[in-house]
Number of protein chains: 2
Amino acid sequence: MGNRFIDKLKSYGVLDTADASALEAATARSQDYGAKADLIREGDRPGPVFVILEGWACRYKVLPSGTRQVTAFLMPGDCCDLHVGLLAEMDHTIQTITQAKIATIGREEMDRLMDAHPKVARAMYIAQLIDEGIMRAWITSMGRRTSIERAAHLICELYLRAANIGLVSNAELILPLSQLVLADALGMTPVHLNRVLKELKLQAAVSLQRGKLMITDPAKLMRIAGFDENYLHRRLRVA
Amino acid sequence: MGNRFIDKLKSYGVLDTADASALEAATARSQDYGAKADLIREGDRPGPVFVILEGWACRYKVLPSGTRQVTAFLMPGDCCDLHVGLLAEMDHTIQTITQAKIATIGREEMDRLMDAHPKVARAMYIAQLIDEGIMRAWITSMGRRTSIERAAHLICELYLRAANIGLVSNAELILPLSQLVLADALGMTPVHLNRVLKELKLQAAVSLQRGKLMITDPAKLMRIAGFDENYLHRRLRVA
DNA sequence: CGTGTACTTGACAAGAGTCAACACCAGTGG
DNA sequence: CCACTGGTGTTGACTCTTGTCAAGTACACG
């Protein structure tokens, strides 16, 4: 399986073997979670950095009315919230979507690791900057894209992020995201999302299985979304 | 006038005089901008960190259709994009809204400053974490709040952020934001925002001047917004 | 005093939510 | 082995929010 976290950081800049083995050591102990398990809840005191080794998770907030908004998807290789230990409490919940294997890195350990391995620190900062770019793209989607564009845009994003970590084969990606979860991320009702996906299917851009979504024509999807991948920063500054 | 940037960082943790004077030195040279001046554009190569000393600015993205989405407001004391120099290009534009006085801190200078002053580094990280929390709150607003709630929520946020840096007096804040800009931030049309603000005015929560918005009853506004300030992290972990 | 930009209002159209019913499937326990 | 159950997906009819278009008003500025 390999360690997708290390693979991802390597894609942000060369790591030497010492860097890689330090990361390997830091993520050696991992824990298995079932689907829909909270890693940390809104209001909790922040703890260690989570590193998703396998499976999918998401961040979300719940409103007084009980409705839910997913604010980010986490896939293998993603990690959350460098320095978050500086805050008194979490402003959102992090929950697994599927079964997942997750490592944690304590705050002091992470500080030491980044001090001793500047190239790792650099890669971690890049990962954080990209996550911020993704949030800006989500705000833009929610504010100014139609529901079809918005759905297509999210799926494009997930496709490219997954491709970066080798989750895509034959230009196909299987997303283990239910329509309920997608609707909570896209800020629409499940009913409406269902109609939107039907339309995308009609245009032969995606296909639907029960509970899974398969992307059959990424190029067409990008055209529908008006997708510009610049915010994923796959082209990085050469050092 | 003082240096609102330093004041803000001080509110995130004690800084000693050496820390403060280093920050003072780093922001001593500032530049004046007129309204609607680009600091940096989408596609540009990232440069130094910008520090807003006076005036207001915003980040925005433009879609192929030409519509605009504001993704963040920057007020005095705010700074942008620690480590952004690691990326090859900006994924959004930063533009002044009003006349503004803005300092820049080069990447190496900032690295040196943070190395030599851990308390400054700590405060900068907190500022960044809060900015991320704000983005999550925006995503949540756009996805799951009605237009009235959303407008009220944004105004609450700006009110509290402004209060933190001493911009509020007599529970009143004057926002130099046009309805066009607010509409671009809230993901609605100016026409609709106008009606929403009229409704908020009717409920005596805000009052409107041409081009300026005055917040007269923050408490009522918070009730309308269902506002929970946790995401602004005003209560920080004690070190 | 004219001109441009922002704000305001009304009438109408389009998009998205709501409600309700039903289909489908996986897992459970009898 | 089958009926039951709960979660998810699907569809239709209807409502309501929001966008669109168009016209007009009010300032600020040169």
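Computed from a predicted structure; not experimentally measured. In what follows, every chain begins at residue 1, and chains take the letters A, B, ... in the order their sequences are listed. The figures here come from the full heavy-atom set of this structure, side chains too, leaving out hydrogens, waters and symmetry mates.
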Distance check: side-chain N/O of [X] vs OP1/OP2 of [N], anything under 4.0 Å?
{"X": "A:Ser147", "N": "C:dA16", "value": "yes"}
{"X": "A:Asn194", "N": "D:dT10", "value": "yes"}
{"X": "B:Gln179", "N": "C:dT8", "value": "yes"}
{"X": "A:Lys198", "N": "D:dT11", "value": "yes"}

In whole angstrom, give the distance that lies between atom [atom1] of [X] and atom [atom2] of [N].
{"X": "B:Lys212", "N": "C:dA6", "atom1": "NZ", "atom2": "P", "value": "14 Å"}
{"X": "A:Glu149", "N": "C:dG15", "atom1": "CD", "atom2": "P", "value": "11 Å"}
{"X": "A:Ile148", "N": "C:dA14", "atom1": "CD1", "atom2": "P", "value": "15 Å"}
{"X": "A:Leu193", "N": "C:dT18", "atom1": "CG", "atom2": "P", "value": "14 Å"}
{"X": "A:Glu199", "N": "C:dG15", "atom1": "CD", "atom2": "C1'", "value": "14 Å"}
{"X": "B:His192", "N": "C:dA11", "atom1": "NE2", "atom2": "P", "value": "18 Å"}
{"X": "B:Leu177", "N": "C:dA6", "atom1": "CG", "atom2": "P", "value": "13 Å"}
{"X": "A:Met142", "N": "D:dT18", "atom1": "CE", "atom2": "P", "value": "14 Å"}

* Around atom CD of B:Glu199, are there more than 12 heavy atoms of other residues, nucleotides or ligands at under 6.0 Å? ->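 It does: B:Glu199 CD has more than 12 such atoms within range.
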Please tell me whether [X] and [Y] have a donor and an acceptor in their side chains that are separated by less than 3.5 angstrom.
{"X": "B:Glu42", "Y": "B:Tyr60", "answer": "no"}
{"X": "B:Thr27", "Y": "B:Asn3", "answer": "yes"}
{"X": "A:His192", "Y": "A:Ser147", "answer": "yes"}
{"X": "B:Asp217", "Y": "B:Gln203", "answer": "no"}

* Asked: Has the side chain of A:Arg195 got a donor or acceptor that lies under 3.5 Å from a partner of the other kind on the base of C:dG15?
  ->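 No.
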* Indicate, yes or no, whether a donor-acceptor pair under 3.5 Å links the base of D:dT17 to the side chain of B:Arg145. =>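 Looking at the base of D:dT17, it does not pair with any donor or acceptor on the side chain of B:Arg145 (distance under 3.5 Å).
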Among [options], which nucleotide sits nearest the side chain of [X]?
{"X": "B:Val191", "options": "D:dC21, C:dG17, D:dT8", "result": "D:dC21"}
{"X": "A:Leu208", "options": "D:dG19, D:dT10, C:dG17", "result": "D:dT10"}
{"X": "B:Ser178", "options": "D:dG9, D:dT18, C:dC7", "result": "C:dC7"}

* Asked: Quick one: on DNA chain D, does B:Met188 or A:Pro190 contact a more 5' nucleotide (nearest heavy atom)?
  ->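 By nearest-heavy-atom nucleotide position, the 5'-most residue is A:Pro190.
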* Toward the 5' end of DNA chain D, by each residue's nearest nucleotide, B:Arg150 or A:Lys201 ->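 Final value for this comparison: A:Lys201.
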* Which of these, A:Arg136, A:Arg234, A:Arg235, sits in a salt bridge (Lys or Arg N to Asp or Glu O under 4.0 Å) with B:Asp91? ->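 Considering A:Arg136, A:Arg234, A:Arg235, a salt bridge (Lys or Arg N to Asp or Glu O under 4.0 Å) with B:Asp91 is found only for A:Arg136.
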* To do: For nucleotides 23-30 of chain D, just jot down a letter per nucleotide in 5' to 3' order: B, S or -, based on protein non-hydrogen atoms under 4.0 Å.
  => ---BS---
* Asked: Is the shortest side-chain N to carboxylate O distance from B:Asp78 to B:Arg4 below 4.0 Å?
  ->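 Looking at B:Arg4 together with B:Asp78, the answer is no, because their closest N to O distance does not fall below 4.0 Å.
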* **5′-ward residue of the pair B:Leu197/A:Val196 relative to DNA chain C** =>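 Here B:Leu197 is the residue nearer the 5' end.
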* Indicate, with a heavy-atom threshold strictly under 4.0 Å, whether B:Lys36 touches base, sugar-phosphate, or nothing. =>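 Touches sugar-phosphate only.
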* For the residue pair B:Phe227 and B:His153, categorise the inter-ring angle as parallel (less than 30°), tilted (30 to 60°) or perpendicular (more than 60°). =>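 Taking B:His153 first and then B:Phe227, their aromatic rings sit tilted (interplane angle of 30° to 60°).
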